[in-house]
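Report on one structure; see the data block that follows.
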Protein chains: 2
Amino acid sequence: MTESLPTRDRLVAAMADLMRFQGYGATSVKQIVDHASAPVGSLYHFFPQGKRQIAADALRSTGAAYIALVPVLLDPHDDLGDGIRAFFDAAAEDMERAGWANMCPVGTVAAEIADTEPELREIAAGIVSSWIDQSTAYFVGRGLDPDLARRVTVMALAALEGAFLLARTLRSTESLHVTGETLAGLVSHLPLTAGT
Amino acid sequence: MTESLPTRDRLVAAMADLMRFQGYGATSVKQIVDHASAPVGSLYHFFPQGKRQIAADALRSTGAAYIALVPVLLDPHDDLGDGIRAFFDAAAEDMERAGWANMCPVGTVAAEIADTEPELREIAAGIVSSWIDQSTAYFVGRGLDPDLARRVTVMALAALEGAFLLARTLRSTESLHVTGETLAGLVSHLPLTAGT
DNA sequence: GTCTATATGCTGATAGAC
DNA sequence: GTCTATCAGCATATAGAC
């Protein structure tokens, strides 16, 4: 983490990276600054409210980055089911290569802080809500009825996060491949509204 | 937590309870003994290796308790899909009533400790593996082909854990109802092997 | 087995020189 | 904006009387 980014950005990236592996509680301020090759003072200069504030920033920036993947990974596939399968297979490959870190800190952290860090929980809830809204809109654009699109989104997101949890715990990609395959079969047979 | 259980059992129950809400890292030894109305010395008397050891015990005992729910909740339903729907709806009701604690500490804790507590991760992996094996065997007993039974199990477990995560983050039962309903539709149309 | 007092180290956070 | 030295508090764990 000695990239030539501004200090502030290096700190946020380091926090996001550490949270993917360790979650929030197990990540110490000292680890963050070491990982970002920055002095402690700089962290409190940019983030006067300390660890909680930099965690909020890291969640927000990665949350925004991940929702952008949906169109990127699904657009190339005419059949939505094929797109979903490719999405889950890509996640499996990335996860194994990254040493079983979660893809996104939001999933790792959300359960951990849901009752102990109310402010961070609300931020995580906002990110997840916007994921659901944007992904629903994408599926509507691909021809699904709005209500069905939302249900498909919620189902797929739950399956993805759960499969990440199992993969991480078991150190196996089976859960990602199986859920991706099953969802693909489901989605390929959904009715599309006229004109798509 | 002033039940008339032996001290050792009260300590394990307190740890399991706290981990459901807070996870592992945010639960302190002081909280455990306070919640169990026991002195610190007793914890280290029964669990010489301290917090990590009592966490392992709490995970094991709740892991065993939860797999027992599968036949209890599914046996009454002739149609497997109906059983799955009832399972998820029951989980949603319990979760909301319990103030959005996770049903089982294994899910809350697994992601958090996967890279920081190798011994606990292996214990969690063992529990999850045995869930998958036992649940697969149950579905085979209900007439599914073994390979299909395993895939249904993995899919359902991933969806359940993911739906828990979303419900906890968003403080809404929507994810549990939607995933339960979707899985139910899927499972109701699976082919059964002859003779069931 | 129960309980209290305490040791040791690490935590998040701050002050102040440069 | 950068960096170091340091604070006060809490963490896990232990010692030893009862």
Side-chain angles (χ1 to χ4, degrees), chain A residues 1-19 21-59 105 109 112-113 115-121 123, chain B residues 1-19 21-59 105 109 112-113 115-121 123:
Chain A
M1 184 82 36
T2 325
E3 312 154 40
S4 55
L5 286 171
T7 303
R8 204 198 116 99
D9 295 342
R10 282 206 325 277
L11 285 165
V12 174
M15 183 55 166
D17 208 39
L18 289 166
M19 281 200 294
F21 279 96
Q22 308 180 337
Y24 176 77
T27 298
S28 75
V29 172
K30 177 158 172 26
Q31 278 182 307
I32 304 167
V33 296
D34 283 355
H35 202 233
S37 304
V40 208
S42 294
L43 191 152
Y44 286 94
H45 171 74
F46 293 112
F47 306 95
Q49 285 131 301
K51 181 176 165 180
R52 192 174 290 120
Q53 189 184 358
I54 196 176
D57 234 65
L59 289 176
V109 166
E112 178 192 357
I113 47 79
D115 282 287
T116 46
E117 295 284 344
E119 296 170 39
L120 292 180
R121 198 219 105 232
I123 287 166
Chain B
M1 186 78 41
T2 325
E3 311 153 40
S4 54
L5 286 172
T7 302
R8 206 199 114 99
D9 295 342
R10 284 206 323 277
L11 285 166
V12 174
M15 183 56 166
D17 209 39
L18 289 166
M19 281 200 294
F21 279 97
Q22 309 180 338
Y24 176 76
T27 298
S28 75
V29 172
K30 178 159 172 25
Q31 277 182 307
I32 303 167
V33 296
D34 284 355
H35 202 230
S37 303
V40 208
S42 294
L43 191 150
Y44 285 93
H45 171 73
F46 292 112
F47 306 94
Q49 286 132 301
K51 181 177 165 179
R52 192 175 289 121
Q53 189 184 358
I54 196 176
D57 234 66
L59 289 176
V109 166
E112 179 192 356
I113 48 77
D115 282 286
T116 46
E117 296 283 344
E119 295 170 40
L120 292 180
R121 197 218 105 233
I123 288 168

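The structure presented is a predicted model; accordingly, all values stated were derived computationally and were not measured. Here is the naming used below: chain letters follow the sequence lines, and residue numbers restart at 1 for every chain.
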Are A:Thr27 and A:Gln22 linked by a side-chain donor-acceptor pair shorter than 3.5 Å? yes

Return the CG to CZ distance between A:Asp57 and A:Phe47, rounded to the nearest 0.5 Å. 5.0 Å

OP1 or OP2 of D:dG1 versus the side-chain N and O atoms of A:Ser42: is any pair under 4.0 Å? no

Step through the shown structure and confirm whether more than 12 heavy atoms of other residues, nucleotides or ligands are within 6.0 Å of CD on A:Gln31. yes

Quick note, B:Pro39 side chain, CB onward, closest among D:dT2, C:dG1, C:dC3 is C:dC3

Taken to the nearest whole Å, CZ/B:Arg8 to P/C:dT2 is 12 Å

Those residues that, when tested against B:Gln53, pass side-chain hydrogen bond (donor to acceptor under 3.5 Å, both in side chains) (two or more places apart): none

In this structure, CD1 of A:Ile54 is separated from CG of A:Leu18 (nearest 0.5 Å) by 9.5 Å

Over how many whole Å does the gap from A:Ile54 atom CD1 to C:dT11 atom C1' extend? 16 Å

Please report the distance, rounded to the nearest Å, between NE2 in B:His45 and P in D:dA15. 16 Å

Can you check whether A:Thr7 has a side-chain N or O nearer than 4.0 Å to OP1 or OP2 of D:dG1? no

Can you tell me how far NZ of A:Lys30 sits from CG of A:Leu43, rounded to the nearest 0.5 angstrom? 13.0 Å

Starting at the 5' end of nucleotides 12-18 of chain C, put B wherever the base has a protein heavy atom under 4.0 Å, S where only the sugar-phosphate does, and a dash everywhere else. SBB----

